[in-house]
Amino acid sequence: MLTDFFLHLKASQIPVSTKEFLTLLEALQAGVIGPSIDDFYILARATLVKDESHYDKFDRAFGSFFKGITEIPGLEADIPEDWLRRAVQRMLSPEEKARLEKLGWDKLMEEFKQRLQEQKEHHAGGNKWIGTGGSSPFGAHGYHPEGIRVGPESAGNRTAVKVWDQRQYRNLDDSVELGTRNIKVALRRLRRFAREGAQEELDLDGTIAATARNAGWLDLKMRPERHNAVKVLMFFDVGGSMDDHIKVCEELFSAVRGEFKHLEYFYFHNCVYESVWRDNQRRFATKRPLQDVLHTYGPDYKLVFVGDATMSPYEIMVPGGSVEHFNEEPGAEWLRRLLDAYPSACWINPQPEPTWPYRQSITLIRQIMTDRMFPLTIDGLERAMRQLSRKT
């Protein structure tokens, strides 16, 4: 199986060598990891991938090869008790979920602090302590309509207002080919923006041909500039609920990289705060203050947000509402600063447009954006392009 995996990586255009594969086998023989597929993923990536730029391709190749496999055959099983407890996730009926009361932001943080001080041991399946598989507002792998998730894995409910864990996101791959020709055509409507600077460029092939026909006398030929000179500043939401939209966002990112000569992009999670980043693998080490971005790029840039705007309303409206850190100012204030600096702006949302009225956070973002939110569809992109092409 591992030989087939090695060949699968090479077929996926990941530059892995026989020496690195032997290193992986030696590590397995030495018992460096157990049978967990997650542990094997970490070990395989560490031994086989030499360059961070290939992480995305490795993730896709690994996922397609080991789809449905939970442990590596041939390795002695040693399943931790905590893993077994998490696996037995409590299933609540809609009636039970409806009876769970929301604590509210201030009360939630106060209760969490108090229980951290009081709790002395692990709990599973309960409704009060910080644990797993229960209905407490604090813990993981259970259900509560509004709580603090403690741990890296989500139960899939996406109701946490805080996440007590350092999570890893991945960069969008700009080499991905677009899934449909229609999306590319819609994005090319951006070329309708007014040009800036030189309207023409040298047609080298045409000049050579014309000069040859003219007995060697230089005959310069010009042609319309192939790339428009519009400047675009994009902010991509990554992680959490945006994992559902990675493919279509990579398609959009790939197309935009191919269409624009003046493109700057940054990542954020859920809502924009005081800092953004360019590399998700090193986001904590390379965060860039948003004030620097505002001072670096002029008002002639077109501002585009790409995100599902699906989050707790606290993350938009409340200081300290971010799920990952304490933000001194609400996300709404930073969004308004960006909109003041870049009047030509829009928000592209991969969530289906009919679902928007049912998300309070989407309603808030739409209000801040003054209804300049568009779905990530052909029609939505065309409407977004018309919005950006308007003169402010």
Side-chain angles (χ1 to χ4, degrees), residues 100-119 128-131 135-140 142-155 157-169 235-243 266-277 280 282-294 305 307-341 347 359-369:
L100 290 173
E101 296 181 356
K102 296 184 178 181
L103 292 175
W105 176 258
D106 294 334
K107 184 66 174 176
L108 184 72
M109 299 307 293
E110 179 183 337
E111 287 284 337
F112 182 64
K113 182 178 179 181
Q114 180 179 345
R115 293 185 199 184
L116 276 177
Q117 295 173 345
E118 295 177 358
Q119 185 166 334
K128 177 181 179 180
W129 297 111
I130 303 168
S135 56
S136 166
F138 315 109
Y143 177 83
H144 193 281
E146 192 173 77
I148 296 176
R149 173 157 62 85
V150 183
E153 299 177 4
S154 171
N157 302 306
R158 291 173 178 165
T159 54
V161 300
K162 250 338 181 187
V163 176
W164 216 263
D165 184 71
Q166 178 175 315
R167 292 181 288 175
Q168 296 296 323
Y169 308 136
F235 291 88
F236 288 92
D237 182 8
V238 291
S241 57
M242 281 300 292
D243 288 346
F266 297 92
Y267 295 110
F268 67 97
H269 178 57
N270 285 357
C271 192
V272 176
Y273 298 110
E274 66 278 0
S275 59
V276 291
W277 57 92
N280 283 305
R282 303 177 62 241
R283 64 191 176 104
F284 293 104
T286 61
K287 279 188 175 181
R288 182 167 180 180
L290 192 54
Q291 286 287 10
D292 286 357
V293 176
L294 291 168
F305 297 98
D308 60 6
T310 300
M311 68 198 88
S312 165
Y314 298 128
E315 297 181 61
I316 304 170
M317 307 304 297
V318 178
S322 167
V323 297
E324 295 193 309
H325 74 292
F326 184 87
N327 51 299
E328 295 185 355
E329 294 183 279
E333 290 300 317
W334 290 105
L335 287 172
R336 293 189 181 102
R337 288 190 182 104
L338 283 166
L339 294 175
D340 289 342
W347 186 295
R359 287 284 186 178
Q360 186 179 357
S361 58
I362 294 181
T363 300
L364 291 172
I365 294 292
R366 290 181 71 184
Q367 291 173 352
I368 296 171
M369 295 295 301

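What you are looking at is a predicted structure, and each value in this text was computed from that prediction instead of being measured.
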Does any non-hydrogen side-chain atom of His269 lie less than 4.5 Å from one of Val323?
-> yes

So, Asn327 side chain and Gly320 main chain: donor-acceptor pair closer than 3.5 Å or not?
-> yes

Does Phe305 have any ring pair (Phe, Tyr, Trp, His ring centres under 6.0 Å) partners at least two apart in sequence or in another chain, and if so, which?
-> Phe235, Trp347

Would you say Gln360 and Thr363 make side-chain contact, with heavy atoms under 4.5 Å?
-> no

Distance-only criterion, 3.5 Å: show the donor-acceptor pairs between side-chain atoms of residues 285-292 and protein atoms not counting sequence neighbours.
| unit_1 | atom_1 | unit_2 | atom_2 | d |
| --- | --- | --- | --- | --- |
| Thr286 | OG1 | Arg282 | O | 2.7 |
| Arg288 | NH2 | Thr296 | OG1 | 3.0 |

Quick one: list whatever passes side-chain hydrogen bond (donor to acceptor under 3.5 Å, both in side chains) with Asp308, sequence neighbours left out.
-> Ser241

Rounded to the nearest 0.5 angstrom, the CG-CE distance for Leu338 and Met369 is 9.5 Å

Distance (rounded to the nearest 0.5 Å) between Leu364 CG and Glu315 CD = 11.5 Å

Partners of Ala332 by side-chain contact (heavy atoms from CB on, under 4.5 Å), sequence neighbours excluded?
-> Ile316, Met317, Arg336, Ile368

Taking the six-membered ring for Trp, are Tyr267 and Phe236 parallel (under 30°), tilted (30 to 60°) or perpendicular (over 60°)?
-> tilted

With Glu329, which residues qualify under salt bridge (charged side-chain N to carboxylate O under 4.0 Å, His left out), at least two apart?
-> Arg337

Check Cys271 against Gly331 and note the closest heavy-atom contact, atom names and distance.
-> SG-CA, 3.6 Å

Does the side-chain contact (heavy atoms from CB on, under 4.5 Å) test come out yes or no for His325 and Glu274, once each step is laid out?
-> CA-CA 11 Å; His325 74 292; Glu274 66 278 0; 2.8 Å; yes

Would you check if the side chain of Ser361 reaches a backbone N or O of Ala309 as a donor-acceptor pair within less than 3.5 Å?
-> yes

Any side-chain heavy atom of Ser275 within less than 4.5 Å of one from Trp277?
-> no

